Structures are given as structure tokens and as C-alpha cells.
Amino acid sequence: AIRLDPGYAVNYNNIGYAYNELEQYELALENYNEAIRADRKYAVAYANRAILYAAIGEDAKAEIDIESAVKYGYDRASLETKIYIIKSSR
């Protein structure tokens with residue numbers, strides 16, 4: 001499906017999430033970036049990229065993406081809780 005509609009942000013986000021779960025962070029980041037390029041207001045992609053950045057210790061980048069995710073409708077408390085859990089385990 002992604003080859004038929006490369007602008008479909010949800011597909012890129014989902015692939016990024018799968019790579020993130022496999023701890024393949026570079027591939028996850030590439031796909032989150034593509035999701036955001038496809039839809040600049042896609043809050044879930046910003047949130048997932050923030051979580052990825054938190055997992056790899058890029059806290060400043062995570063904060064920027066948290067703000068973007070919240071700006072476009074993601075729940076701040078939910079996202080900050082997820083990031084707190086990630087940071088606690090690194």
C-alpha cells in the first residue's frame with residue numbers, strides 16, 4: 001500500500017513504530033520523518049518520534065517533538081508519561 005500511495009503518513013508512521021519496537025532506531029526515524037513530511041500536522045508521528053528520541057537520549061529533540069505533537073492534538077500527559085517510562089528504563 002505504501003508504494004501505491006507514498007504520501008500516506010499513517011503507513012510510514014506504522015512502519016516506524018514497528019522498527020522502533022525492534023530497536024532499529026535509524027529505520028524508525030526515517031519512517032517517522034517521512035510520515036511528518038507527508039502530513040506536517042500528524043500528531044501521532046511527532047509523538048512517536050519524541051518517544052524514539054527519548055529512548056536514544058536525544059532529549060532536546062524529544063522536547064521539540066512533544067511540543068509539535070501537543071500543538072496538533074496529542075495529549076501532553078499521556079505523551080510525557082510514555083517518555084518518563086522510556087527515560088526510566090534507559
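What you are looking at is a predicted structure, and each value in this text was computed from that prediction instead of being measured.
The two residues Ala43 and Gly73 make their nearest non-hydrogen contact at CB-N, 4.3 Å. Nearest heavy atoms, Ile36 versus Tyr46: CG2-OH, 3.3 Å. Taking each heavy atom of Ala50 and Asp65 in turn, the nearest pair found is CB-CB, 3.7 Å. Residues Ala35 and Ala45 come closest through the heavy atom pair CB-CB, 3.8 Å. Residues Asn31 and Leu27 come closest through the heavy atom pair ND2-O, 2.9 Å. Nearest heavy atoms, Arg40 versus Tyr72: O-CE1, 3.4 Å.
Cluster partners of Leu22, using a side-chain heavy-atom cutoff of under 4.5 Å among ILVMFWY residues and allowing indirect links: none. Residue Tyr17 is found in a hydrophobic cluster whose other members, listed by chain and number, are Tyr25, Leu29, Tyr32, Leu52, Tyr53, Ile56; membership requires side-chain heavy atoms under 4.5 Å apart, directly or through intermediates.
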Do Glu34 and Asn11 pass the side-chain contact (heavy atoms from CB on, under 4.5 Å) test, and can you show the C-alpha distance, the side-chain angles, and the key distance before you say yes or no?
-> CA-CA 10 Å; Glu34 286 298 321; Asn11 286 341; over 6 Å; no

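Annotation: ring-ring contact (aromatic ring centres under 6.0 Å, His included) contacts of Tyr42 (sequence neighbours excluded): none. Taking the salt bridge (Lys or Arg N to Asp or Glu O under 4.0 Å) definition, one finds that Glu67 meets it with Arg76, sequence neighbours left out. Applying the ring-ring contact (aromatic ring centres under 6.0 Å, His included) test to Tyr84 and every residue at least two apart in sequence or in another chain returns nothing.
Within 6.0 Å of the OH atom in Tyr19, the count of heavy atoms belonging to other residues, nucleotides or ligands does not exceed 12. Applying the 6.0 Å contact sphere to NZ of Lys87 captures more than 12 heavy atoms from other residues, nucleotides or ligands.
A heavy-atom distance below 4.5 Å is found between the side chains of Ile51 and Leu79.
In this model, a donor atom of one side chain and an acceptor atom of the other lie less than 3.5 Å apart for Asn13 and Asn48.
Sorted by first and then second residue, the salt bridge (charged side-chain N to carboxylate O under 4.0 Å, His left out) pairs involving residues 9-25 (not counting sequence neighbours) form an empty list.
Separating the OH atom in Tyr8 from the CG atom in Asp39 is a distance of 10.5 Å, to the nearest 0.5 Å.
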